[in-house]
Amino acid sequence: MITATEPVVAPKTYLNAEYGAKSWLLTKDHKRIALLYLVSVTLFFFLGGIMAVLIRIELATPAGDLVQSNTYNKLFTMHGILMIFFFLIPSIPAVLGNFLVPLMIGAKDLAFPRINLLSWYIYVIGGFFTLYVLFTGGVDTGWTFYTPFSTTYSNTYVTATAIGIFIVGFSSILTGLNFIVTIHRMRAPGMTWFRLPLFIWAHYATSVIQILGTPVIAVTILLLALERGFHIGFFDPAQGGDPVLFQHLFWFYSHPAVYIMILPAMGVTSEIITTFSRKAPFGYSFIAMSSVAIAVFGFLVWGHHLFVSSQSVYAGMVFSVLSYLVAIPSAIKVFNWTATMYKGSISLNTPMLYAIGFIGLFTIGGLTGLFLAALGMDVHLTDTYFVVAHFHYIMVGGAIMGYLGGLHFWWPKITGKMYPENWARVSAIVIFLGFNLTFFPQFILGYLGMPRRYHVYPPEFQVYNVLSSAGATVLGAGYLLPFIYFFWSLKYGKPAGPNPWNAAGLEWQTQSPPLPENFVITPVVTEEAHTFSHREGVEVG
Amino acid sequence: MTGHIVPKKVYYLIFLTLMVMTAITTAVAFVDLGRFNIVVAMAIAIFKASLVVLFFMHVHYSTKLTKMIVAAGVFWLAIMLLMTMSDLLTRGWMGVPGR
């Protein structure tokens, strides 16, 4: 009798279906494109982080002793541009959204796989422009490019930077377009609109902003470049323009852009809270619709960035009142998340630590936003460190906590491997503490009157700045930890299995890492999203 | 999914209309209508843009969902213009801070 031992063959996944650089660079698989984005945004995150480190070292002493004022201007400008346009805006949608939107709705891919790949290439081309600027001399206008400084006076690389941002905007538009069409057209049988996971609702709302808002920043930047290069008067009063028009157009996009960053993080938080509380979300439809409401209201409030410009008092009052509107859907979400946790069977795994951290930090960021929406209060606080602290609580405390929480939550699905849970818990706590130590003192600094964007300051502000710089060191260490153990887990992590968290959702019903075509057969949805009544508790941790 | 086939005649007709409207825009530029200069120019421009969107971009033949998406874009543009103008046109009402 002849016996043959069968060769051990690893199960086919999207990671081992093809090999070689070409299979990655020409892939149309949404999961591989998500990983291309993951690598790219991580690179820009650490580049932007280096700028932040230099800023915080400079501010450790009241004197300008590390860099000159011009260099400092370039540092905070590049920090803002890299972090906002090249990390925060694409982070969750282009990485986690790209990976998960088709999986969560039971589709094989996004509606336009080639456009998806194109969006990454556009992102890379925009990134090269910005890197060119970074390594050849930088730009000093601040990420806001306010005129007339940017059009007339700055002698740094404004136009090249503007082109980079103009280009990268199209990548964002294409991602949003892909998500909207996919969510409309490619849902699995039984996946009705009100059975969509809350992550999908958040991404739908985000996509609406990306499509409707991003063209405006593109046009605005184009006008800026035309005025700077060809002296066509759009914003220069001497040529019949209006510099406040630039601020209107800029913030028409850039305020909603904050919701491009925070809404996906809210979607991630909804998923994590329900999974680790073993409960259906409290008020599913309210959480879903509040995402849409934030996307719509977000477009009506931009004038609160112009309270100390020559915007009229009447418009200021209107924008102030409208700004308070955003607090309503934001508060609905926060109350509903906490109500979901109430009497839930909570397990404090790493994603849950990030989600709880998100709720706390987003709440502080949101409430301090109310201070800034108040017309009179804002006059005192404009361009102080209070504003810097406020928006970092939203963008770092909110968006990055959400991103990291999501990355930990879906890492087993993306790679098929578990990360080391205890190290990850340590990093989540270190990041939370480091973040607060960095940015809470800045609220006090701002209230006391320290302006942003200066590299020298009166000595009485030093104690808060030293606290902040110390916190930044802790925060930096916290960010390095996941970077290290995620790599470690690729080789040494335990196999995750298809559903390590016993989570609901179609993405957990396929293998980890998923097949190239996601599902063997198209799933049929028969229950509401986030149903936990018949599922066991979380086993890991 | 197949696209709607539009007779060539329609394209020629739209093209001709666009050319005529361009000629009218140029002609009107030589007539001083006072504050209506901008109104007339914008009205012609919007009419021309609508023709392009409806026929050249096939929105006229598209599904209601596509029409809704286009309408949303126009609505958002209106928000941008209206609220920007709410600043510009009211600077005389209560003044501007600091002046």
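Proteins get letters first, then strands, A, B, ... in listed order; numbering begins at 1 in each. FYI, side chains are in, hydrogens and waters are out, and symmetry mates aren't considered; it's all heavy atoms of this structure.
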Novice: Between Ser312(A) and Arg91(B), what is the shortest heavy-atom contact and its length?
Specialist: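 Closest heavy-atom pair between Ser312(A) and Arg91(B): CB-CA, 3.6 Å.
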Novice: First locate atom OG of Ser86(B), then atom CD of Gln311(A), and finally report the distance between them rounded to the nearest 0.5 Å.
Specialist: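 Atom-to-atom, Ser86(B):OG and Gln311(A):CD are 7.0 Å apart.
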Novice: Measure the shortest side-chain to side-chain distance between Trp76(B) and Ile209(A) over non-hydrogen atoms and say whether it is less than 4.5 angstrom.
Specialist: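 No. Closest side-chain heavy atoms not under 4.5 Å.
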Novice: The test is side chain to side chain contact (heavy atoms under 4.5 Å, CB included); show your working for Met83(B) and Trp302(A) and say whether it passes.
Specialist: CA-CA 9 Å; Met83(B) 294 191 65; Trp302(A) 78 83; 3.3 Å; yes
Novice: Is it the case that more than 12 heavy atoms not belonging to Phe15(B) sit under 6.0 Å from its CZ atom?
Specialist: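 For Phe15(B), atom CZ is not crowded (no more than 12 foreign heavy atoms under 6.0 Å).
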Novice: Out of Leu322(A), Asp242(A), Leu245(A), return the one with the most heavy atom pairs under 4.5 angstrom to chain B.
Specialist: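 Of Leu322(A), Asp242(A), Leu245(A), Asp242(A) has the most heavy-atom pairs under 4.5 Å with chain B.
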Novice: With rounding to the nearest 0.5 Å, note down the distance linking NE2 in His248(A) to CG in Asp87(B).
Specialist: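 His248(A) NE2 to Asp87(B) CG: 3.5 Å, rounded to 0.5 Å.
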Novice: Taking side chain as everything from C-beta outward and backbone as N, CA, C, O, which of these in Val216(A) sits under 4.5 Å from a heavy atom of chain B? Side chain, backbone, both or neither.
Specialist: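 For Val216(A), side-chain heavy atoms alone lie under 4.5 Å from chain B.
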Novice: Would you say Lys48(B) has more than 12 foreign heavy atoms packed within less than 6.0 Å of its NZ?
Specialist: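 Buried by this count: over 12 neighbours within 6.0 Å.
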Novice: Could you look at Leu89(B) and say if it's the side chain, the backbone, both or neither that has a heavy atom under 4.5 Å from chain A?
Specialist: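 For Leu89(B), there is no contact with chain A at all, as no heavy atom is under 4.5 Å.
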Novice: To the closest 0.5 Å, what do you measure between CZ (Arg185(A)) and CG (Leu65(B))?
Specialist: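 So the CZ of Arg185(A) and the CG of Leu65(B) are separated by 7.5 Å.
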Novice: At a heavy-atom separation under 4.5 Å, does Phe299(A) approach chain B through its side chain, its backbone, both, or neither?
Specialist: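 Contact with chain B: backbone and side chain both.
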Novice: Can you tell which part of Leu88(B) gets under 4.5 Å to a heavy atom of chain A, answering side chain, backbone, both or neither?
Specialist: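 For Leu88(B), side-chain heavy atoms alone lie under 4.5 Å from chain A.
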Novice: Are there over 12 heavy-atom neighbours, none belonging to Phe56(B), within less than 6.0 Å of that residue's CZ?
Specialist: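 Buried by this count: over 12 neighbours within 6.0 Å.
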Novice: Using a 6.0 Å cut-off, check whether atom OH of Tyr61(B) has over 12 heavy atoms from anything other than its own residue.
Specialist: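 Above 12, so yes.
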